Every structure is written in C-alpha cells, then in structure tokens.
Amino acid sequence: MTNPVFETKQKLLSLVSEAIQQAIAAGELPACETLPEFVVEIPADTTHGDFATNAAMTGARAFKSAPRKIAEAICKHLTLDGTDFERVEIAGPGFINFFLGKKWFAEVVQSVLNAGTDYGRTDYGKGEKVQIEFVSANPTGPMHMGNARGGAIGDCLASAMDWAGYQVTREFYVNDAGNQIEKFGCSLEARYLQIFRGEDAVAFPEDGYHGDDIRQRAQEFAELHGESYLEVDSASRRQALVDYALPRNIEKLKADLESYRIFYDVWFLESQLHHGAIDAAIQRLSERGMTYEKEGALWYKATENGGEKDEVLIRANGFPTYFAADIAYHYNKFAVRGFERVINVWGADHHGHVARLKGAMDAIGLDGSKLDIILMQLVRLMKDGQPYKMSKRTGKAVSLTDLIEDVPVDAARFFFNMREPNSTFDFDLDLAVEQTAQNPVYYVQYAHARICSILRKLEQEQVLARCCSCGELCQLCGPDEQQLIRCLARFPQEIVDAARCYDPARLTKYAVELATAFHRLYTTCRIKGEIEPLMQARLNLCIATKTVLCNVLTLLKINVLESM
C-alpha cells in the first residue's frame with residue numbers, strides 16, 4: 001500500500017531533522033534539549049515548491065535567531081543526493097521550499113499502475129474496529145431529505161474508513177419500541193376502523209401519524225383480515241396491526257436504501273434491548289453511584305457527567321425512557337460487541353444529546369471520547385432558483401423515494417457529499433439532472449469516459465499502451481502533466497484525511513480537481529503524433545488517471561462510465 005504524499009513528507013521530516021542536528025553539531029545553531037516541532041506541507045502555489053517546511057520559523061525561539069538565518073543553516077546541511085528532490089530554496093522570512101525531481105513524478109505513475117484497483121488503500125487505521133450508525137429513520141413513516149443526506153454521508157464515510165484501513169461496520173438502529181410504536185399502533189387502528197365505520201365515526205389521534213403510508217398499511221391489513229379485528233380488544237387489534245405493518249415498513253426502508261446503494265451490515269432492533277440489556281445498563285450505573293430515586297422515578301446524575309440537567313431513566317410507571325435505551329444500546333456497542341470507536345451521524349437538532357450521551361458512557365465505565373457524533377445540517381431543495389418543498393406526487397414534503405425517482409442516484413450521492421456535514425446545503429434539482437460540465441458528477445464521469453474514448457480510438461488504429469520504464473515516464477515534465485501527477489499522488493492521503501476528519505466531502509472535491517487536471521491536460525498535450533516513447537508515457541499517465549477516477553467513483557458508489 002503506497003501513499004506518495006505521506007511517504008515524501010516523512011522523508012522530508014527526517015531530512016530536515018538530520019540537517020538541524022548537523023547544524024547544531026557544527027556550531028551553526030545552538031544546542032537545545034528538544035528540537036522544535038515543525039510541519040511539512042504542500043504549498044497552494046507549486047511555483048513556490050512541491051513541499052515546504054516552517055522549521056526555521058518554529059525554531060526561532062529555541063535557537064534565539066532570525067528564521068532566515070536558521071533556514072540558511074539548515075539548507076547548508078541538507079543532502080539532496082539520492083532523494084526525490086532536485087533543489088531547495090529559502091523564501092520570504094525563512095520558509096524552506098523543496099522542488100521534486102522528474103523521477104518522483106515517474107514513480108507516482110508507476111505506483112498507480114502497479115496498485116491498480118487498490119491504489120488509495122492504506123493501513124492508516126491499523127484495523128481499528130469502528131461502527132458507523134447512520135440514517136436510523138423512524139420505521140413508522142417514509143424517509144426524508146435529512147435521511148437522504150445522512151445516508152450519503154454515512155455510507156461514503158464508511159467506505160473512506162474502509163479504504164483507510166479501519167474495520168468498519170455499517171449499522172441501522174430500528175426504533176421498534178417505545179412511544180413512537182404506540183403512536184404508530186393507534187394511528188393504524190384508527191385508519192383500520194375508519195375503513196369500516198367511516199372517518200366521521202372514528203376520531204383520529206391528534207398526535208397520530210397522518211401520512212398516506214398509514215392509510216395504505218391499514219387498507220392492506222383490512223383486505224387481508226376483513227372485519228375480523230373489529231370486535232377484538234383495542235390492545236390486541238393494535239398489536240396485530242403493528243405486527244403486520246412494522247416488518248413491511250422496515251423492508252421498505254431496506255429496499256429504498258438499497259436502491260440508494262446503501263447496504264447495512266447490521267439492522268439492530270431496539271426491542272432487543274428490552275430483554276435485559278436496559279436493566280443491566282441501569283444496574284451498572286446504579287452500582288457506580290450514578291442514579292437516585294425521586295418522585296417514584298429513577299434518575300441518572302447527568303449533571304455530574306457533562307449534562308445540563310439530570311435525566312429520568314425509569315418513569316414512575318415503570319417504563320424505561322428513550323435515553324435509558326440509548327445508554328444500553330451504546331453500552332452494547334462498546335462493551336458487548338467490542339467496537340473501539342463508534343460514530344453516529346445525527347441531525348443538528350440532536351446537538352443537545354451529544355454531551356449527555358458521551359457523559360453517560362463515562363458514567364457507565366466506558367470512554368466517552370471514543371463516541372463521536374457527526375451533526376449534520378439541513379438540506380434545502382432548490383428548483384428554478386427557488387426553494388422547493390412539495391412532492392408533485394403526494395403534495396407532501398419530498399421523501400427519499402421521491403428524490404431518487406426524479407434525480408439519478410449518482411447525482412444524489414455526489415451532491416450530498418459536496419459540503420462538510422456541519423454546513424447547510426442547497427440541493428439544486430435542475431443541476432443534478434443536467435448532462436453538462438456544470439454538473440460536477442457528470443464532469444467527473446466524463447473525464448473517465450473521455451480517457452476510455454482515447455484508448456478505444458488508438459486501439460482502432462493499432463496503437464496499444466505498453467508498460468513504460470521510469471526513464472520514459474520522466475518525459476512527463478510539462479506543467480500540466482506534473483500537476484495531474486501531483487493530484488494522483490494525493491489520492492491516498494485524501495482518503496486518510498476524509499476518514500480522520502469524518503468528512504467525505506474531501507473526496508468529491510478531490511474527484512472534481514482530478515477531472516479538471518485531466519481535462520486541462522487533454523487540451524494542452526497531444527498523444528497521437530508524438531514520438532513513440534513520449535506517446536506511451538502519456539498513455540500511461542492517462543491509464544493511471546483513469547484508474548484513480550475509477551477508484552474514487554467506486555469508493556463513492558457512483559457509476560463508472562466508459563462512454564457518455
């Protein structure tokens with residue numbers, strides 16, 4: 001597994017550290033107990049170097065000298081022979097800029113071609129066992145735009161973490177117990193009774209679920225069972241309706257998510273926790289002195305663990321709260337199933353729940369810092385430049401099903417990952433269906449298709465790509481060629497950074513950058529008609545670019561097209 005950018009940075013850190021030590025040994029820098037920390041970065045403008053370090057700037061206090069003078073001492077003792085660098089320069093007050101040699105660019109192309117479909121994979125995560133829980137939509141109704149965004153973010157983050165060397169489990173938490181299921185049963189019961197007795201004769205619960213999906217399930221149940229449940233007691237009737245409707249709603253959730261290319265490893269039912277897990281978690285909290293009784297209820301001392309107020313765990317009626325189930329669920333994740341890190345993708349409206357749940361993990365004897373919450377901001381649908389709120393089919397808010405009927409899944413997954421999760425996002429419905437370069441996913445797919453077209457046309461003329469030597473690839477020294485290769489080199493580190501920062505938007509931005517670099521190369525560098533070694537070197541570069549475009553689109557679960 002290769003990561004050219006990371007590996008080069010590590011080499012530079014060692015190279016600069018050795019030069020500082022030699023400068024100290026030569027008496028050109030004063031001795032100090034520990035060397036000052038410094039970083040190696042990629043300058044925004046590559047005319048200032050391919051890599052740069054601030055070692056001289058951060059060493060000013062330790063060495064009691066001007067950064068420029070420190071930089072001169074470091075550069076005097078830098079040995080570039082046998083390294084990837086051909087020269088070094090001091091810029092401004094003391095930045096040290098390094099310029100790569102042709103061999104580095106040639107070796108990047110070879111690394112991509114050698115790794116193929118595995119290029120981009122690293123062992124950064126060291127096999128850490130990570131669970132990502134996302135969407136977890138209420139099974140009593142259809143999924144909404146927040147679920148659509150959360151699904152794309154969670155699934156692509158899981159892919160990035162897998163590529164970065166983590167052991168990832170995707171999980172959906174099904175809220176099949178508690179108040180929402182009771183409300184679900186009441187709503188179904190009212191619609192079932194209305195079918196036979198009329199809507200005027202049967203009042204619908206004020207806080208019931210009014211969606212057409214409730215009517216549909218009640219109608220299906222009525223067609224299956226007829227009037228047989230009219231005379232049974234209400235509790236039995238509701239239970240029968242829930243037993244019928246809930247599994248079908250869950251299957252509908254699965255089907256909708258699979259059509260969105262999301263496949264979960266685990267569907268965890270909340271009802272599983274009501275067979276001892278909640279009681280065990282509460283007992284553990286009590287044994288640790290984290291609970292007390294008040295007004296007939298059992299309370300958790302949340303204020304002792306980062307919460308704003310204490311929380312009820314067991315109501316006076318003996319039923320556990322949602323928070324009690326949440327504590328038991330997360331205890332199960334860490335202590336029972338052994339996840340080393342747990343990541344939840346939540347809507348921003350859950351921000352008040354973050355500190356109290358992390359605190360509860362500490363209170364129960366786990367490490368709350370291992371629980372990370374991604375808070376996701378709202379999505380605003382736009383059409384014709386105006387906010388778009390209603391579904392043409394139902395007259396209700398646009399659901400995930402509505403969205404993927406009107407917008408290609410490729411566009412939906414790409415667009416929802418174009419901004420950081422914590423930023424609000426305008427989803428342009430018109431742009432999402434455009435087949436032009438203005439549509440970013442089309443633009444990236446077209447870059448891959450364009451390379452496939454180049455290769456097909458050359459093959460028709462009996463020109464086939466062959467493996468090039470490092471010397472031949474060193475001919476790729478033009479500014480647009482090197483800029484494209486720099487972009488190829490960054491791919492593994494972009495995946496690592498997306499995984500580390502929980503930000504898959506880095507990968508859509510990278511994909512657009514890579515496509516832009518290739519489209520620019522296409523207009524400035526010809527292949528056919530060049531001398532054979534240069535033609536083959538450029539063909540190798542095209543194939544390497546095609547490989548990386550394929551890999552990033554595959555990671556994002558977006559179709560890789562060979563013609564458009």
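Index from 1, following the sequence. As the structure is a computational prediction, the values presented were derived from the model and not from experiment.
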Chemist: Can you tell me if N147 uses its side chain to pair, donor with acceptor, with the backbone of A137 under 3.5 Å?
Modeler: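 Such a contact is absent between N147 side chain and A137 backbone.
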Chemist: Inspect the contact between K129 and E340 and indicate whether a charged nitrogen and a carboxylate oxygen are less than 4.0 angstrom apart.
Modeler: no
Chemist: Look at the aromatic rings of F416 and F427 and report parallel, tilted or perpendicular, splitting at 30° and 60°.
Modeler: tilted
Chemist: Check side-chain contact (heavy atoms from CB on, under 4.5 Å) between V266 and all other residues, then give those that pass, not counting sequence neighbours.
Modeler: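 V266 satisfies side-chain contact (heavy atoms from CB on, under 4.5 Å) with T169, E171, F268, R337 once adjacent residues are dropped.
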Chemist: For atom CZ of F95, is the number of surrounding heavy atoms from other residues, nucleotides or ligands below 6.0 Å larger than 12?
Modeler: no
Chemist: Exactly one of I153, D256, L253, L257 should register a side chain to side chain contact (heavy atoms under 4.5 Å, CB included) with V135. Which one does?
Modeler: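 Running side chain to side chain contact (heavy atoms under 4.5 Å, CB included) over I153, D256, L253, L257 with V135 returns exactly one hit, L257.
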Chemist: Look up atom CG in L400 and atom OG in S259, then write down how far apart they are to the nearest 0.5 Å.
Modeler: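 Separation between the atoms: 6.5 Å.
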Chemist: In terms of side-chain geometry, is the basic nitrogen of R466 or E532 positioned less than 4.0 Å from the acidic oxygen of its partner?
Modeler: yes
Chemist: Over 60° means perpendicular and under 30° means parallel, so classify the ring planes of Y446 and H519, tilted if in between.
Modeler: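 Ring orientation of H519 relative to Y446: parallel.
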Chemist: So, K509 and E420, do they make that salt bridge, N to O below 4.0 Å?
Modeler: yes
Chemist: Verify the neighbour count for atom CD of E459: are there more than 12 heavy atoms of other residues, nucleotides or ligands below 6.0 Å?
Modeler: no
Chemist: State which residues pass ring pair (Phe, Tyr, Trp, His ring centres under 6.0 Å) with F172; sequence neighbours excluded, sorted by chain then number.
Modeler: Y264, W267
Chemist: Can you say whether the rings of H350 and W346 are parallel (under 30°), tilted (30 to 60°) or perpendicular (over 60°)?
Modeler: tilted
